[in-house]
2 protein chains.
Amino acid sequence: MTTASTGGTRWLSDEEQSVWRAYLHATTLLEDHLDRQLQRDAGMPHIYYALLVQLSQAPRRQMRMTELAKDAKITRSRLSHAVARLERNGWVRREDCPSDKRGQNAVLTDEGYEMLRRSAPGHVRAVRQAMFDRLTPEQVRSFGEIMQVIATGLEPEGTDADLPWLR
Amino acid sequence: MTTASTGGTRWLSDEEQSVWRAYLHATTLLEDHLDRQLQRDAGMPHIYYALLVQLSQAPRRQMRMTELAKDAKITRSRLSHAVARLERNGWVRREDCPSDKRGQNAVLTDEGYEMLRRSAPGHVRAVRQAMFDRLTPEQVRSFGEIMQVIATGLEPEGTDADLPWLR
DNA sequence: GACCTTTTCTTGAAAGTTGAACTAGATAGA
DNA sequence: TCTATCTAGTTCAACTTTCAAGAAAAGGTC
């Protein structure tokens with residue numbers, strides 16, 4: 001394993017390899033950790049919880065399905081299933097969109113909001129303990145930049161983020 | 001939203017919130033990206049690929065199930081299913097462990113190795129494009145440190161990493 | 001309006017994951 | 001030895017995700 005090119009492939013350097021390994025370990029451990037924490041304390045996986053948080057911050061606590069899927073970076077299909085489950089739990093309700101008869105609004109119910117209010121402190125604590133309490137302010141800043149770069153690079157084309165005149 | 005404590009909960013500051021959001025976006029986009037890339041080019045999800053890589057680097061290209069699960073940070077259950085699938089594909093073979101009759105060794109087959117050799121360049125390219133080619137050397141270094149801190153903090157207790165005299 | 005394309009969202013089946021229960025073998029103590 | 005406990009790995013059922021297919025409405029063009 002070297003940093004040199006071989007047969008056209010630029011392999012990862014030793015440092016890059018170890019960074020990549022650390023990244024994979026940190027992200028899988030953290031995602032598992034949060035999934036378990038939220039499954040225990042809120043009865044749902046992390047991604048579902050994130051959907052409710054998203055809704056709670058939207059005007060009138062509701063969003064069009066497609067918009068919600070985009071913001072959460074998941075497919076519409078996946079969102080359909082997720083909302084169906086959250087609806088069964090009584091935390092989300094679907095409403096027809098008045099302006100577009102194809103459209104659906106996912107609405108956070110009062111029960112959903114209440115559940116969020118109850119479990120938010122525990123979740124924030126978990127995130128802090130796993131990440132922010134272990135990093136210096138300088139590291140947090142740098143980390144934010146790095147994540148931003150990576151996310152932007154993977155954003156599907158034709159997104160606002162790709163239009164230079166909006167930067 | 002402030003940085004102050006309220007009712008005992010230290011909420012995230014605005015900066016922390018935006019870092020957290022960026023983290024969630026970057027990691028879900030990247031994991032999706034790699035899953036699709038490998039599903040297309042190697043016929044399996046990223047985690048399965050990572051298992052084969054792990055095996056390819058082990059002595060005699062084999063590992064005990066539990067050890068492999070630990071290294072890959074997944075449950076033994078999940079690994080059982082994964083290896084069953086990889087076995088059906090002919091990329092891995094199970095062998096009884098001679099020294100412990102409960103044990104199984106997962107062995108990377110020649111076909112598995114060959115498949116890895118073919119798809120590695122494309123995978124490395126994807127990782128580079130998504131991450132390393134977008135970061136400065138200084139960012140890569142810092143990123144590695146940060147991921148290391150987070151991973152170590154989430155490592156199950158009683159691990160070597162927690163024994164101070166090994167540091 | 002008729003026609004074609006695009007967008008929105010859902011569905012169903014196949015694949016993957018989880019957590020608990022279970023079998024079999026190892027380990028340790030009396 | 002006998003027993004209790006622990007460890008390795010698998011399996012089952014419930015749940016989640018993916019991918020492809022499809023229904024319904026919207027938007028454009030002639």
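Just so it is clear: chains get the letters A, B, ... in the order the sequence lines come, proteins before strands, and each one is counted from 1.
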**Q** What's the CE-P distance between A:M63 and C:dT8, to the nearest Å?
**A**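 Atom-to-atom, A:M63 to C:dT8, this comes out as 15 Å.
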**Q** Look at all strands and tell whether A:R40 reaches a base, only sugar-phosphate, or nothing, counting heavy atoms closer than 4.0 Å.
**A**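 A:R40: no heavy atom of the nucleic acid under 4.0 Å.
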**Q** Atom CD of A:Q39 to atom P of C:dA20: distance rounded to whole Å?
**A**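 Rounding to the nearest Å, CD of A:Q39 and P of C:dA20 are 10 Å apart.
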**Q** A:K101 or B:R36: which one's nearest nucleotide on DNA chain D is closer to the 5' end?
**A**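 The answer here is B:R36.
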**Q** Between B:M44 and A:S80, just flag the one whose closest nucleotide in DNA chain C comes earlier from the 5' side.
**A**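 The residue mapped nearer the 5' terminus is A:S80.
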**Q** Is it the case that atom CG in A:D110 sees more than 12 heavy atoms from other parts of the structure closer than 6.0 Å?
**A**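 Not buried by this count: 12 neighbours or fewer within 6.0 Å.
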**Q** Would you kindly give the CG-to-C1' distance between B:N105 and D:dG9, to the nearest whole Å?
**A**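 Between C1' of D:dG9 and CG of B:N105: 12 Å.
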**Q** Whole Å only: how far is the CG atom of A:L38 from the C1' atom of D:dT16?
**A**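 Going from A:L38 (CG) to D:dT16 (C1'), I get 16 Å.
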**Q** Using every non-hydrogen atom in the two residues, find where A:Q129 and A:R134 come nearest and quote the distance to one decimal.
**A**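 Result for this residue pair: O-NE, 2.8 Å.
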**Q** Looking only at N and O atoms, is any donor in the side chain of A:H81 or the base of C:dC9 less than 3.5 Å from an acceptor on the other one?
**A**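 Result: no qualifying N/O pair found.
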**Q** Once you apply a heavy-atom cut-off of 4.0 Å, does A:D35 come out as touching a base, just sugar-phosphate, or nothing?
**A**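 Nothing, no heavy atom under 4.0 Å.
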**Q** With the threshold set at 4.0 Å, does a side-chain nitrogen-carboxylate oxygen contact exist between A:K70 and A:E67?
**A**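 The answer is no: the pair does not qualify as a salt bridge.
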**Q** Identify which nucleotide among D:dA25, D:dG9, C:dA24 has an atom closest to any side-chain atom of B:R102, counting heavy atoms from C-beta outward.
**A**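 Looking only at heavy atoms from C-beta outward on B:R102, the closest nucleotide is C:dA24.
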**Q** Can you find a pair of side-chain heavy atoms, one from A:F132 and one from A:Q139, that are under 4.5 Å apart?
**A**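 They are not in side-chain contact.
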**Q** May I ask you to say what B:R88 touches in the nucleic acid, namely base, sugar-phosphate or nothing, with a heavy-atom cut-off under 4.0 Å?
**A**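 The residue B:R88 makes no contact with any strand.
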**Q** Run the salt-bridge test on B:D41 and B:R125 with the 4.0 Å N-O cut-off and return the result as yes or no.
**A**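 Result for this pair is no, no salt bridge flagged.
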**Q** Using a 4.0 Å heavy-atom cut-off, does B:L79 contact any base of the nucleic acid, only the sugar-phosphate backbone, or nothing at all?
**A**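 B:L79: no heavy atom of the nucleic acid under 4.0 Å.
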**Q** For DNA chain D, which residues in residues 64-78 of chain B have a heavy atom at a distance below 4.0 Å?
**A**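 Within residues 64-78 of chain B, the residues near DNA chain D are B:R64, B:M65, B:T66, B:R76, B:S77.
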**Q** Rounded to the Å, how far apart are B:Q104 CD and D:dT11 C1'?
**A**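 Distance, rounded to whole Å: 14 Å.
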**Q** Once you round it to whole Å, what is the distance between C1' of D:dA23 and CG of A:D100?
**A**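 Result: 14 Å.
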**Q** I need the OH-P distance between A:Y49 and D:dT16, as an integer number of Å.
**A**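 Rounded to whole Å, this separation is 17 Å.
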**Q** Measure NE2/B:H33 against P/D:dT17 and give the value in whole Å, please.
**A**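 One finds 21 Å between P of D:dT17 and NE2 of B:H33, rounded.
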**Q** Specify the closest pair of heavy atoms between B:G144 and A:V19, including all atoms of both residues, with the distance to one decimal.
**A**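 Looks like CA-CG2, 3.7 Å.
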**Q** I'd like to know if B:R117 and B:E114 make a salt bridge, using a cut-off of under 4.0 Å between side-chain N and carboxylate O.
**A**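 Yes.
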